[in-house]
K.L.:
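Take this structure first; my questions come after.
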Amino acid sequence: MFEIRNAQPGDVGDAVAALGAAFDHDPLMAYLFSDSPAGIHGGAMEFFSILLKARISLGMPADVLRQAGRVLGAIMGYNTSRPTWPAALASAWRRFEADVPGFAVRLAAYEKICEAHQPSEEHYYLGVIGVHPSIQGKGAGKAMLDAFCALSLADQRSHGVYLDTSNPGSLQFYYNNGFELRGEGRLGEARLWCVYKRT
């Protein structure tokens, strides 16, 4: 039903479109990009694009989900290493950060909560997972999550998968898939939950 494979540069446009649709009403995106000149949706789309290009370039975990030849979902993060971004992408990130008023401060507040609750043991970090609304609730998200967790399980250096969400429905999804709450925080009107699953 679903095909999950490594993301390639040619997938970025379709993958980002799927993520943009998936996160269209996400509280964290609203918090981060409330002052974006491109609007919340436009800011989130550029954010996802830079992140996905970086993960692909670095060989970090980054998959797309396809159905009937269409890219309808994506997942990306880090393994136990955190390599330096290529210069061109690091420069693009700095420009993006400078172009969105207040983004750097909001991102720092977000990262402070995430870092406060992250496991001390080596782990994989799942930064973004999303599927197009047209296939939500049909097992696509679980298929991608299982594939990501399998990478951690196969890596002897990793003890689990860590992630965060600001969506209460997503939080229940993670609980249903074996994740446990490590901590939470507030970001303006958004609430952030940090969860972890040992693999």
K.L.:
Who passes salt bridge (Lys or Arg N to Asp or Glu O under 4.0 Å) against Arg182, sequence neighbours left out?
P.N.:
none
K.L.:
Go through the steps for Tyr124 and Asp155 under the test side-chain contact (heavy atoms from CB on, under 4.5 Å), then give the verdict.
P.N.:
CA-CA 9 Å; Tyr124 276 45; Asp155 188 338; 2.8 Å; yes
K.L.:
Within a reach of under 6.0 Å around CD of Gln156, are more than 12 heavy atoms found that belong to other residues, nucleotides or ligands?
P.N.:
no
K.L.:
Do Ser81 and Arg157 have side-chain atoms, one donor and one acceptor, less than 3.5 Å apart?
P.N.:
no
K.L.:
Checking the side chain of Gln136 only, and the main-chain atoms of Val131 only, is there a donor and an acceptor separated by less than 3.5 Å?
P.N.:
yes
K.L.:
Listed by chain and number, what are the salt bridge (Lys or Arg N to Asp or Glu O under 4.0 Å) partners of Asp146, not counting sequence neighbours?
P.N.:
Lys142
K.L.:
Mind checking what makes side chain to side chain donor-acceptor pair (under 3.5 Å) contact with Arg94, not counting sequence neighbours?
P.N.:
none
K.L.:
Could you please spell out the steps behind the side-chain contact (heavy atoms from CB on, under 4.5 Å) verdict for Ile75 and Leu126?
P.N.:
CA-CA 8 Å; Ile75 186 169; Leu126 198 171; 3.7 Å; yes
K.L.:
Would you please say whether a donor-acceptor pair under 3.5 Å links the side chains of Tyr110 and Asp164?
P.N.:
yes
K.L.:
Looking at every heavy atom in both Ser152 and Ser158, which two are closest together, and how far apart are they?
P.N.:
OG-OG, 2.7 Å
K.L.:
Considering residues at least two apart in sequence or located in another chain, which fulfil the side chain to side chain donor-acceptor pair (under 3.5 Å) criterion with Gln172?
P.N.:
Asn176
K.L.:
Restricting to salt bridge (Lys or Arg N to Asp or Glu O under 4.0 Å), what partner residues turn up for Asp24, sequence neighbours left out?
P.N.:
none
K.L.:
Would you confirm whether Tyr175, through its side chain, and Leu181, through its main-chain N or O, come within 3.5 Å as a donor-acceptor pair?
P.N.:
no
K.L.:
Looking at residues at least two apart in the chain, or sitting in another chain, which of them share a side chain to side chain donor-acceptor pair (under 3.5 Å) with Glu3?
P.N.:
Arg66
K.L.:
How would you list, by chain and number, every residue that makes a side-chain contact (heavy atoms from CB on, under 4.5 Å) with Asp99, sequence neighbours excluded?
P.N.:
none
K.L.:
Mind checking ring pair (Phe, Tyr, Trp, His ring centres under 6.0 Å) for Trp85 and listing every partner two or more places apart, or none if nothing turns up?
P.N.:
Trp93
K.L.:
Run the ring pair (Phe, Tyr, Trp, His ring centres under 6.0 Å) test against Phe179 and tell me which residues pass, sequence neighbours left out.
P.N.:
Tyr174
K.L.:
With sequence neighbours left out, what residues match Asp26 under salt bridge (Lys or Arg N to Asp or Glu O under 4.0 Å)?
P.N.:
none
K.L.:
Using side chain to side chain donor-acceptor pair (under 3.5 Å) as the criterion, list what pairs up with His159, not counting sequence neighbours.
P.N.:
none
K.L.:
Has the side chain of Lys197 got a donor or acceptor atom that lies under 3.5 Å from a matching backbone atom of Asn177?
P.N.:
yes
K.L.:
With sequence neighbours left out, which residue pairs that include part of residues 15-37 fulfil the ring pair (Phe, Tyr, Trp, His ring centres under 6.0 Å) condition?
P.N.:
Phe23-Phe48, Phe33-Phe47, Phe33-Phe96, Phe33-Phe103
K.L.:
State whether the number of non-hydrogen atoms from other residues, nucleotides or ligands found under 6.0 Å of Arg70 atom CZ is greater than 12.
P.N.:
no
